[in-house]
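The block underneath contains the structure these notes are about, expressed in structure tokens.
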Amino acid sequence: MTVEPILVMQGICKSFPGVNALKNAQLRLFPGEVHALMGQNGAGKSTLIKVLTGVETPDAGEIRLNGQAISPACVGEAQKMGITAVYQEINLCPNLSVAENIFIGRFPMRAIGIDWKTIEHQAAAELAALNIHIDVSLPLASYPVAIQQMVAIARALTTEAQVLILDEPTSSLDEGEVERLFQALRQLKQKGMAIVFITHFLDQTYAIADRITVLRNGEFIGEYPASTLSRLDLINTMVGREINEASYAANSSAQAASVADKPYVSARGLGSTGGMHPFDLDLYRGQVTGLGGLLGSGRTETARLLFGIDRADSGTIRVDGHAVKLNSPRQAVRYGIAFCPEDRKNEGIVADLSIRENIILALQARRGIFHYLPKRAQSAIAEQYIEQLGIRTSDAEKPIGQLSGGNQQKALLARWLATDPKMLILDEPTRGIDIAAKLEIMELVKAQCKKGLAILFISSEMSEVLRVSDRIAVLRDRQKIGEIAGHDADEQNVFRMIAGAEA
Ligand SMILES: Nc1ncnc2c1ncn2[C@@H]1O[C@H](COP(=O)(O)OP(=O)(O)OP(=O)(O)O)[C@@H](O)[C@H]1O
Ligand SMILES: [Mg+2]
């Protein structure tokens with residue numbers, strides 16, 4: 001029996017000024033299948049999806065849904081045809097409540113006005129199905145990124161779709177949440193839905209995908225049943241040359257940095273009511289300290305206390321031996337501390353400014369408005385980091401919003417490296433970054449560390465934390481429960497520590 005695809009995209013071309021984002025791209029979606037769309041940062045994955053959902057108009061090519069040619073002109077139109085998407089950058093309404101976000105545009109109506117009780121009740125039930133139990137009447141913005149992402153997914157799941165597209169939905173979810181999402185996807189598969197799944201996590205690809213399409217530089221490279229394409233072949237197909245994950249892991253740990261004998265930042269009994277329980281933490285120059293723990297364990301809260309975003313109401317901080325107060329990020333920056341936040345859309349990039357302006361933003365802020373960096377110097381700095389971090393762009397003057405997600409993340413990292421900090425906090429620095437770029441960034445982090453930078457590293461991928469960190473502080477329920485270093489630092493030991501605290 002041959003199964004016909006629900007949806008076929010063929011010969012899709014799309015150019016933006018200076019970029020051929022899609023050159024003859026294609027995609028076939030079958031009912032009851034999860035289709036992984038793979039490719040490096042800037043390969044054209046999100047653009048292909050945007051063409052499908054009517055966000056972008058293709059320059060050429062055709063889309064057929066159940067054999068009929070379609071050309072959705074906007075998201076609403078695509079949705080009416082049964083094509084719905086959760087985008088890479090969450091684009092719900094932060095000021096509306098969680099419930100409103102799930103049902104916006106299609107409220108269950110009573111005779112007079114909107115039936116709030118029903119909406120909240122249903123919204124809570126939809127989230128409960130994903131095992132998320134939160135107050136749905138609070139504004140979306142009051143929840144962490146991961147929860148917001150789950151809300152976006154819940155919204156997509158409640159629409160009656162034939163085709164569901166998830167563009168990097170899992171980059172801020174922890175393992176448990178990913179598993180819950182996958183359970184939901186398996187149910188949808190059974191109902192015959194065609195699902196497109198975009199991720200840079202290869203484990204997830206192999207856990208959920210039935211079929212894989214690879215794009216490279218906007219071109220269709222191939223379509224493969226997931227069971228016949230090995231992990232290594234997949235990587236090499238995406239990158240277009242041979243790279244070796246394992247060799248990186250081996251040599252990075254060999255090049256140990258020389259660690260300062262006194263901590264640069266030293267926290268004692270630092271805590272905040274309703275936030276972190278008081279904890280001790282020492283951060284040394286020349287050393288990467290990782291924060292291990294599950295989502296909600298207090299990793300970001302710890303970072304925010306050390307950067308003066310949240311105020312501590314107990315404990316002390318010493319920087320370079322001197323007792324200091326960190327009441328604002330501005331003070332933290334003055335002490336040579338930099339923070340690359342996880343939520344690049346809200347706290348990070350300024351979409352309308354150029355790549356150059358985004359990169360020099362923190363440096364300029366630290367110098368103050370009376371010490372304006374001449375444009376030539378700005379360009380030199382921007383060019384240097386574009387080169388060093390391999391940011392894919394034809395021009396530093398382009399609005400940063402036009403870069404692919406992973407390249408935006410690299411520009412954000414450049415912004416903080418440009419301030420030449422003594423301590424750098426990296427919260428999910430590789431979120432949305434492809435595997436080749438991820439290895440490059442990790443090497444760069446290690447190299448900066450060798451030059452005497454103290455690094456606090458946060459990632460929801462435990463294997464990544466283990467790979468880069470010299471020492472790991474383990475957190476659970478907003479409490480630091482211990483530290484692990486050297487040979488003890490393996491995944492099992494960290495999870496055992498987290499589980500042990502539970503018992
Ligand atoms: N609105 C736009 N204006 C100009 N260029 C754009 C625009 N949107 C995308 N591009 C460019 O098109 C190319 C493909 O980008 P796209 O976002 O589709 O990549 P991606 O495969 O989703 O990457 P990532 O894994 O980083 O999310 C990139 O070079 C990007 O800079
Ligand atoms: Mg993308």
Side-chain angles (χ1 to χ4, degrees), residues 9 12-27 35-59 61 74-75 85-91 149 152 165-172 196-202 204-205 212-221 234-235 237-240 344-345 348-356 358 386 389-414 428-441:
M9 298 179 84
I12 306 289
C13 299
K14 176 74 191 175
S15 295
F16 298 105
V19 195
N20 269 335
L22 294 174
K23 298 169 241 176
N24 226 345
Q26 69 181 66
L27 182 66
H35 195 129
L37 183 56
M38 306 289 296
Q40 287 191 270
N41 294 135
K45 304 178 297 292
S46 297
T47 306
L48 189 62
I49 294 318
K50 286 179 184 158
V51 166
L52 180 54
T53 53
V55 178
E56 299 284 1
T57 317
D59 303 333
C74 64
V75 175
V86 176
Y87 296 99
Q88 189 168 13
E89 307 292 342
I90 304 155
N91 46 6
Q149 190 88 57
I165 301 151
L166 303 168
D167 191 350
E168 292 191 47
T170 57
S171 50
S172 52
V196 181
F197 187 70
I198 301 178
T199 185
H200 289 293
F201 299 123
L202 299 189
Q204 294 182 2
T205 301
I212 298 175
T213 285
V214 176
L215 295 182
R216 189 167 72 227
N217 293 327
E219 280 175 75
F220 171 81
I221 301 297
L234 172 58
I235 295 175
T237 312
M238 286 194 293
V239 177
R344 67 170 169 259
K345 197 173 182 201
I349 64 153
V350 187
D352 308 332
L353 294 186
S354 68
I355 300 165
R356 167 181 54 83
N358 268 281
I386 287 173
L389 303 191
I391 298 173
R392 268 207 220 174
T393 178
S394 52
D395 188 349
E397 297 307 315
K398 274 195 177 175
I400 197 166
Q402 292 182 4
L403 288 185
S404 77
N407 283 301
Q408 291 182 14
Q409 185 69 26
K410 290 192 205 170
L412 201 54
L413 187 63
E428 302 281 359
T430 58
R431 183 175 161 205
I433 290 192
D434 71 56
I435 181 128
K438 190 181 263 186
L439 298 183
E440 278 165 30
I441 285 188

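Heavy-atom basis, side chains included; hydrogens, waters and symmetry copies ignored. Whatever order the structure lists them in is the order used to number ligands and atoms, beginning at 1.
A donor-acceptor pair shorter than 3.5 Å can be found between the side chains of Asn20 and Ser15.
Taking CD1 of Ile165 as the reference point, atom CG of Leu27 lies at 8.5 Å (rounded to 0.5 Å). The line from CE of Met9 to CZ of Phe220 is 12.5 Å long, rounded to the nearest 0.5 Å. The CG atom of Asp167 sits 9.5 Å away from the OG1 atom of Thr199 when rounded to the nearest 0.5 Å.
By the salt bridge (charged side-chain N to carboxylate O under 4.0 Å, His left out) test, Lys398 is found to be paired with no residue, residues two or more places apart in sequence or in another chain being considered. Asn217 meets the side-chain contact (heavy atoms from CB on, under 4.5 Å) test with Lys23, Arg392; sequence neighbours excluded.
For the pairing with Val196, the side-chain contact (heavy atoms from CB on, under 4.5 Å) check across Leu166, Leu48, Ile49 returns one residue only, Ile49. Between Met238 and the options Ile221, Leu202, Asp434, Leu215, a side-chain contact (heavy atoms from CB on, under 4.5 Å) holds for only Leu202.
With a 4.0 Å cut-off on non-hydrogen atoms, Gln40 touches ligand 1 through its backbone and not its side chain. Under 4.0 Å from ligand 1, not a single heavy atom of Lys50 appears. Proximity of Val19 to ligand 1, defined as any heavy-atom pair under 4.0 Å, is confined to the side chain (atoms from C-beta onward).
At least one heavy atom of Leu403 lies less than 4.0 angstrom from ligand 1. Heavy atoms of Gly44 come nearer than 4.0 angstrom to ligand 1 in at least one pair. Residue contacts with ligand 1: Glu168 is included, with a non-hydrogen atom under 4.0 Å away.
For a threshold of 3.5 Å applied to N or O pairs, the pair formed by Ser46 and ligand 1 contains at least one separation below that value.
Atoms of ligand 1 lying under 4.0 Å from at least one heavy atom of Ala21, given by number and element, are 12 (O), 13 (C). Each of the following atoms of ligand 1 lies closer than 4.0 Å to a heavy atom of His200: 25 (O).
At a cut-off of 2.8 Å, Asn41 is not counted among the residues with an N, O or S atom near the Mg ion (ligand 2).
For the residues Thr47, Asn41, Leu37, the heavy atom positioned nearest atom 18 (O) of ligand 1 is part of Thr47. Among Gly42, Ser15, Ala25, the residue whose heavy atom lies nearest to atom 28 (C) of ligand 1 is Gly42.
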